Amino acid sequence: QVQLVESGGGLVQAGGSLRLSCAASGRTFKLSTMGWFRQAPGKEREFVAAISYNTYYADSVKGRFTISRDNAKNTVYLQMNSLKPEDTAVYYCATKSASLPGFSSQSAYDYWGQGTQVTVSS
């Protein structure tokens with residue numbers, strides 16, 4: 001099994017920055033596409049970013065967020081700059097199923113962390 005633990009969330013003012021971390025344990029991490037999703041109160045969970053041999057971003061965060069990974073540390077990161085109040089959500093990291101296509105659908109991911117709260121004040 002794969003275990004994922006997010007950290008780095010918190011309260012930040014609009015325009016500020018935050019870096020989220022997702023520590024993974026398990027044998028499939030190095031070969032897995034990793035993704036970040038977020039869910040705001042009353043809204044569906046939405047795709048934020050993913051990384052494999054390339055990186056992919058939702059239009060809403062493109063140019064502001066950067067996803068990266070450090071395989072030696074079994075960790076994936078989400079650097080968030082120029083934060084906006086609409087970025088407020090619980091952020092989740094996940095590992096993508098190797099057998100399913102697509103990067104932006106949560107149904108394509110099989111293991112999930114517990115989430116970390118990001119709150120951006122205006």
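For this chain, numbers begin at 1 and follow the sequence in order. Remember, it's a predicted structure, so these values are computed and weren't measured experimentally.
In plain terms, the two heavy atoms of Q79 and N81 that are nearest each other are NE2-OD1, 3.0 Å. Contact record, Y56 with S52: CE1-OG, 3.8 Å, taken as the closest heavy-atom pair. Minimum heavy-atom separation, A108 to G102: CB-O, 3.8 Å. What you find for A40 and A89 is that their closest heavy atoms are N-CB, 3.8 Å. Shortest non-hydrogen contact noted between Y92 and Q114 is CE2-O, 3.5 Å. Of all the heavy atoms in G10 and L18, the pair that sits closest is N-CD2, 3.9 Å.
A 6.0 Å sphere centred on NZ of K43 holds no more than 12 heavy atoms belonging to other residues, nucleotides or ligands. Within 6.0 Å of atom CD in E44, 12 or fewer heavy atoms from other residues, nucleotides or ligands are found, so the atom counts as exposed in its surroundings. Q117 CD: more than 12 foreign heavy atoms inside a 6.0 Å radius.
With hydrophobic clusters built from ILVMFWY side chains whose heavy atoms lie under 4.5 angstrom apart, F47 does not share a cluster with Y91. With hydrophobic clusters built from ILVMFWY side chains whose heavy atoms lie under 4.5 angstrom apart, V90 shares a cluster with W112. Cluster membership check: F37 does not share its hydrophobic cluster with I51, using side-chain heavy-atom separations under 4.5 Å among Ile, Leu, Val, Met, Phe, Trp and Tyr. Grouping the Ile, Leu, Val, Met, Phe, Trp and Tyr side chains by contacts below 4.5 angstrom, directly or via other members, places Y77 apart from V12.
R64 meets the salt bridge (Lys or Arg N to Asp or Glu O under 4.0 Å) test with D87; sequence neighbours excluded. Residues passing the ring pair (Phe, Tyr, Trp, His ring centres under 6.0 Å) test with F65, sequence neighbours excluded: none.
At a threshold of 4.5 Å between non-hydrogen side-chain atoms, the residues K96 and D110 do not count as touching. In this structure, the side chains of M80 and W36 stay at 4.5 Å or more apart for every pair of heavy atoms. No side-chain heavy atom of S7 sits under 4.5 Å from any side-chain heavy atom of T116.
S17 contributes atom OG, which lies 12.0 Å from atom CZ of R19 (distance to the nearest 0.5 angstrom). One finds the SG atom of C93 at 11.0 Å from the CZ atom of R69 (value rounded to the nearest 0.5 Å). Between the CG atom in L83 and the OG1 atom in T119 there is a gap of 11.0 Å [rounded to 0.5 Å].
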Before you tell me yes or no, could you show the steps for T95 and M34 under side-chain contact (heavy atoms from CB on, under 4.5 Å), namely the whole-Å CA-CA distance, both residues' side-chain angles and the distance that decides it to 0.1 Å? CA-CA 5 Å; T95 60; M34 300 293 298; 3.2 Å; yes

Chi angles and distances behind the side-chain contact (heavy atoms from CB on, under 4.5 Å) call for T66, Y57: CA-CA 8 Å; T66 303; Y57 298 93; 3.8 Å; yes

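Each of E86, E6, E46 was compared with R38 under the salt bridge (charged side-chain N to carboxylate O under 4.0 Å, His left out) criterion, and only E46 meets it.
Of the possible polar contacts, one joining the Y109 side chain to the F103 backbone as a donor-acceptor pair under 3.5 Å is found. A distance-only check finds a donor-acceptor pair linking the side chain of T88 to the backbone of V120 [under 3.5 Å].
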